[in-house]
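To start, the structure itself, in structure tokens.
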Number of protein chains: 2
Amino acid sequence: MENINDILNIDSIAHTKNYKKGDILQRHGETNPNAFFVKHGLLKSYSIDNKGKEHIFMFAPEGWVTADIESQVFNRPSELFIECIEDSEVILVPGNLLFGDDLSVEQLKKNKILTMRRIAVLQRRVIMLMSASALERYNAFLEAYPNLSQRLTQKMIASYLGVTPQALSTIRGKTARNK
Amino acid sequence: MENINDILNIDSIAHTKNYKKGDILQRHGETNPNAFFVKHGLLKSYSIDNKGKEHIFMFAPEGWVTADIESQVFNRPSELFIECIEDSEVILVPGNLLFGDDLSVEQLKKNKILTMRRIAVLQRRVIMLMSASALERYNAFLEAYPNLSQRLTQKMIASYLGVTPQALSTIRGKTARNK
DNA sequence: TTTATTTATTCATCTACATTAACAATCAAT
DNA sequence: ATTGATTGTTAATGTAGATGAATAAATAAA
């Protein structure tokens, strides 16, 4: 990954904040003007459904940007919570730098890379959710993010996959036995 | 929606092609350099899983752009098929106009709108697939695309929702009786 | 128009996964 | 260290939705 200041085109030091594990950076219903670039640590963004159940939308480890894009672009209250899974060092990136109407060519080009990568990830995710079993989704997750699973509880991985922790535990038990 | 030439910044007439219902504009495994802007008609993009089952990823009616973005940006063979649901008039938009490295500010800004809208749609879709029942997803679909359902078979709607046609038929039967 | 294909409905099964619950293992906090 | 809270495992039971099949309705093709 290239230099951070270069990609985001802001003074990263001035916008950097430190958070503790469990700190919530953004809540459902809020309109937060910032996106979050993770310098160090790990964030999760998630929604809570009408039964109070948490669904993890994405993880954001070092080098990733996360934000409720729908909220920022259309200026609506956020659907998503964003929370620290580990103590984290985060650059608050003013949303208009990413989504605003008066960006420079350089900024637009850099953002293009980020957004395209995001779309690609989301496209795969939708296809997986529609066509793959829990086991297949789990294996795909391990392959796509090999270093991440060690830093997550199984509960969180299950939430990301769209299954219960019990189901994931059973799946893991089976695959462990089958080799 | 603004003027088409303005948004895409190309001579739309020169790039316009007519297709018949059932025509396939792009196949799995191909690397097609074009994105497709629908002037008139209706396209679907879909994947086929290892059991031969079709999963509709998105519909593209008039005014929408569709392409396998992952394929275009990363120059990989396409995951998706793109096919005409109705006779359609389509502008073939060279992918580098949308995803290339040498775009003008105006192009970049216009593309930003399209890609952000796409991300927002995908974000909602993922959240729905993880947290909502088939009935809830069906109702959300009808609300989000009120004019589209009349132009689609139930089989296609079911495929988009991620359920079997039988399940959707039952759901519709129930809701029809409950009022 | 007649025939063949695709779509839609309904029903009887089956299965992947959810739910509930009980217990063991970790982790966190005083 | 001790207590409480959160996690992980395992098993019994429940359920949404899949699968398969049979029939009717609608489209397309001849």
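Below, each value reflects all heavy atoms present in this structure, side chains not excepted, and no hydrogens, waters or symmetry copies.
- Remark: P of dA8(C) and OH of Tyr138(B) are 11 Å apart, rounded to the nearest angstrom.
- Each end of the helix from dT1(C)-dA30(D) to dT30(C)-dA1(D) yields a helix axis from five base pairs, and these two axes differ in direction by 60° (to the nearest 10 degrees).
- Note: Ile127(B) CD1 to Leu129(A) CG = 11.5 Å, rounded to the nearest 0.5 Å.
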### Message
As a quick check of understanding, evaluate side-chain hydrogen bond (donor to acceptor under 3.5 Å, both in side chains) for Asp49(B) and Ser131(A), giving each step before the final call.
### Response
CA-CA 6 Å; Asp49(B) 69 21; Ser131(A) 61; 5.2 Å; no

### Message
Counting primed atoms plus P, OP1 and OP2 as sugar-phosphate and everything else as base, spell out the protein contacts along nucleotides 12-30 of chain C at 4.0 Å heavy-atom distance: B, S or - for each nucleotide, 5' to 3'.
### Response
-----SSBB-------S--

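- Legend: ring-ring contact (aromatic ring centres under 6.0 Å, His included) pairs involving residues 106-153 of chain B, not counting sequence neighbours, sorted by first then second residue: Phe141(B)-Tyr145(B), Phe141(B)-Tyr160(B).
- Proximity of a side-chain donor or acceptor of Ser149(A) to a complementary backbone N or O of Leu142(A) within less than 3.5 Å is not detected.
- Test Lys20(B), Lys21(B), Lys17(B) against Asp87(B) for salt bridge (Lys or Arg N to Asp or Glu O under 4.0 Å) and you get one pass: Lys20(B).
- Asn111(B) is not listed as a side-chain neighbour of Lys112(A), based on a closest heavy-atom distance of 4.5 Å or more.
- No donor-acceptor pair closer than 3.5 Å links the side chain of Ser78(A) to the backbone N or O of Thr31(A).
- Protein chain A touches strand DNA chain D; the 5'-most and 3'-most nucleotides with an atom under 4.0 angstrom of its non-hydrogen atoms are dT7(D) to dT10(D).
- With values rounded to the nearest 0.5 angstrom, Glu79(A) atom CD is found 10.0 Å from Phe57(A) atom CZ.
- For DNA chain D, the neighbouring residues in residues 143-160 of chain A, judged by any heavy atom under 4.0 Å, are Thr153(A), Gln154(A), Lys155(A).
- Within the structure, ring-ring contact (aromatic ring centres under 6.0 Å, His included) pairs that include any residue of residues 67-123 of chain A comprise Tyr46(A)-Phe81(A) (at least two apart or interchain).
- Note on Ile171(B): it clusters hydrophobically with Leu152(B), by side-chain heavy-atom contacts below 4.5 Å among ILVMFWY residues.
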